[in-house]
Number of protein chains: 4
Amino acid sequence: MAKKTGDKYRAIIEAAVKVIAENGYHNAQVSRIAREAGVADGTIYLYFHNKEDVLISLFQVKMGEFTAAARQELASTADPFERLARLVHLHFTNLEADRNLALVMQIQLRQSDPGIRRGIAEPLREYFHLIEGVINYGVEMKAFRPDLDVRLARQMIFGTMDEVATCWVMSHHPYSLAGLSGQVYQLLARGLTGA
Amino acid sequence: MAKKTGDKYRAIIEAAVKVIAENGYHNAQVSRIAREAGVADGTIYLYFHNKEDVLISLFQVKMGEFTAAARQELASTADPFERLARLVHLHFTNLEADRNLALVMQIQLRQSDPGIRRGIAEPLREYFHLIEGVINYGVEMKAFRPDLDVRLARQMIFGTMDEVATCWVMSHHPYSLAGLSGQVYQLLARGLTGA
Amino acid sequence: MAKKTGDKYRAIIEAAVKVIAENGYHNAQVSRIAREAGVADGTIYLYFHNKEDVLISLFQVKMGEFTAAARQELASTADPFERLARLVHLHFTNLEADRNLALVMQIQLRQSDPGIRRGIAEPLREYFHLIEGVINYGVEMKAFRPDLDVRLARQMIFGTMDEVATCWVMSHHPYSLAGLSGQVYQLLARGLTGA
Amino acid sequence: MAKKTGDKYRAIIEAAVKVIAENGYHNAQVSRIAREAGVADGTIYLYFHNKEDVLISLFQVKMGEFTAAARQELASTADPFERLARLVHLHFTNLEADRNLALVMQIQLRQSDPGIRRGIAEPLREYFHLIEGVINYGVEMKAFRPDLDVRLARQMIFGTMDEVATCWVMSHHPYSLAGLSGQVYQLLARGLTGA
DNA sequence: AATGAATGAGCATTCATTCAT
DNA sequence: TATGAATGAATGCTCATTCAT
């Protein structure tokens, strides 16, 4: 049970993104996800423990992929400011690339259910760790202020990006999210350096 | 029906804060809120349209009170930086004063239900407006950068405060939230002014 | 919750006897019992914890009534043999009076589910106690053998009546169950006295 | 399909006895029986029509073996009373020899499902026939009363043994079942002869 | 205004069975 | 013969909401 690989595993994940984005988590019936994935209802339970596990796994897969890609991308530049700039840009580009996924990430995953919160915690922590790496690197390179509280700085960076992204997905008139990355970077960079 | 005043109206709001904080929105049965408020189940429907309306009204009342108090408090100083500092401090102080309320505000109200999102929008917009007032005032007074994108700046301020507050409510070991307001203010102020 | 009295409580019990007799316990949908009782599905859960509790309660009510009536009836004669004869006759008369109830008692209640076995145990023990009372009385009055093992004697009496009753409900061609009570009494009485 | 012989056929039967005894019929998943038998799920359907057929076949095999053995054993004595005594002793000895099997026979096979009742009927009828043979022989040999109703006498004998056996498997503190056969025989013999 | 007994829509999950390999 | 991944039908229960009193 709960085999976490294979074509059907991916198909169910992608179907879940679509159905949950369109209907919300609580209105996304398992049978609708199954139909969208082209499998039987019961097949979902060969790959996931339950409906909640689908949502959590979706986050783990997508967030894991993003974090891994971002980690690699950030390592390819030695400039602390460039790293921060790329982080913001990657964050926004990733969300803008798949609007359904963005909807799920920014809205549907913000469930208060304890099980979901718990399942989301670990991959999120890894992303937080990545952000803190950028901050620490900047401090070490004497690019950022030496007296930075790393946790607060990370909360500013993530909180800001998250709020900008949420407003973007919720917006009625379309605009480019990635197009904001420059200005957001400026705001954040100033906060981390400052007069 | 749906009289929005009276002792029982307040009693139900307060009961809802407690029951929702302890059980989560979806596990907070109307009958439990009624019992906690000392009224019959049906009585709730004399003051609220439905369960969702209880949550929304709760937010409107609490957020409205906070925004009004903050507006007054901010007006009492002419220094743009002081205004920003007070905003952060009031935001954190307000949440720290009532942990149950903070839990509801930071966790339980982040429901994906469209109705709730809609009901929350207006009071939230007012608070955003207040924040943007602080920003615009700082720009006018030539304290903040003239080229600030007000919306982005507001998203940074709110996003940062919100993320810091959420981490605080979710934390297992207790620490003072208001105690962080100084450092958070520093981070934000630098972002708004900069080198 | 689970108020164990009232018209609806009785109505649901009676409906359950009918629906379970006709369809078997596992094929007796709660909604069908509700419709037969003239109440909504949810109403059943105001009077019973769950479907299993309906079956158990049914047994407790019906068995309790029978045991009480039998206890009274048996006390009205001082003759040990007459008591045994009446016991058999009451047992058979009671089952023959309501064929649906007999079907449920002899067939449907013989479920292997541990919960049901447990719920049935207590009222059954009381009935066993009543039977053992008849045996002990007979021994005291020197009507039955002094060396009787009371438990074994009870098992013979109950086992025999139960097997006769089960064959009767399962039979395709109808015959009178109560009409057999005389012969069954003879068999049992001889076993308890003997040469 | 449904070949009723072979090593795997027996292996599945024995696995079913174990799994059903431990979990009950409804909680005994086919896949668990398959694993216990060391075969694939689908293999069970090469030997049995369906899950119900496994239970029925189990009964037919075990009951058939018992009835055949008992028939032979009983024929080896000409004394009617001795035949009855042996019947009781064999019945109890057989159950006591395999506690898992006893659990299945006394508890799990008492399902209300019509299909199971039907599948069990024939082997049971043969056992009843064997018991009635003992009774008729006793009457012919003028050992038992000439006015015995054979069916009622059989119901007393089987009902008594069955009830004693059921109480034994259900008991929490262990005791010998076969050790009771003497007393049970005495009770029954008196009933069949009598003053 | 207040009550609380009654309502009934809505859905995740299991597991016996099949069939392509 | 044997496998085991895939199927999909089938239903008990909760709880927000109503309305007769």
Indicate yes or no: at least one non-hydrogen side-chain atom of D:L101 is less than 4.5 angstrom from one of D:L95.
no
In whole angstroms, how far is the C1' atom of E:dA16 from the OH atom of A:Y45?
18 Å
Suppose we define a pair by two distances each less than 3.5 Å, Watson-Crick or G-U wobble; what does E:dT21 pair with here?
F:dA2
On DNA chain E, nearest-nucleotide positions of A:R32 versus B:K8: which is more 5'?
B:K8
Distance check needed: E:dA12 P versus A:I33 CD1, whole Å only.
8 Å
Stepwise side-chain contact (heavy atoms from CB on, under 4.5 Å) check, B:L55 with B:V104:
CA-CA 9 Å; B:L55 188 64; B:V104 174; 4.2 Å; yes
Is there a donor-acceptor pair under 3.5 Å between the side chain of D:K51 and the backbone N or O of D:A28?
yes
Pick the nucleotide of DNA chain F nearest each of C:T43 and A:D41; which residue has the one closer to the 5' end?
A:D41
Donor-acceptor under 3.5 Å (A:N50 side chain, A:E52 main chain)
yes
Whether A:R99 side chain and A:V169 backbone form a donor-acceptor pair below 3.5 Å
yes
Rounded to whole angstrom units, what separation is found between the CD1 atom of D:I44 and the C1' atom of E:dC15?
13 Å
Which nucleotide, in any strand shown, forms a Watson-Crick or G-U wobble pair with F:dT7, with both distances under 3.5 Å?
E:dA16
Walk me through whether B:R110 and A:S112 qualify under side-chain contact (heavy atoms from CB on, under 4.5 Å).
CA-CA 7 Å; B:R110 313 301 161 104; A:S112 54; over 6 Å; no
Under 4.0 Å between any heavy atoms, over every strand shown, what does C:V30 touch: base, sugar-phosphate, or nothing? Just pick one.
sugar-phosphate
To the nearest Å, give me how far apart NE2 (A:H49) and C1' (E:dC15) are.
18 Å
Leading and trailing nucleotides of DNA chain F with any atom under 4.0 Å from heavy atoms of chain C
F:dT11 to F:dT14
Figure out the NZ/P separation between A:K51 and E:dG10, and round it to whole Å.
14 Å
A:L46 CG - E:dC15 P separation (whole Å)
13 Å
On DNA chain E, nearest-nucleotide positions of B:G42 versus C:G42: which is more 5'?
B:G42
Among the candidates E:dC11, E:dT13, E:dA2, find the nucleotide nearest to the side-chain atoms of A:Q29.
E:dC11
Name the orientation class of the two ring planes belonging to B:F48 and B:Y9 (parallel below 30°, tilted from 30 to 60°, perpendicular beyond 60°).
parallel
The residue, C:A28 or B:N27, whose nearest nucleotide of DNA chain F is more 5′ is C:A28
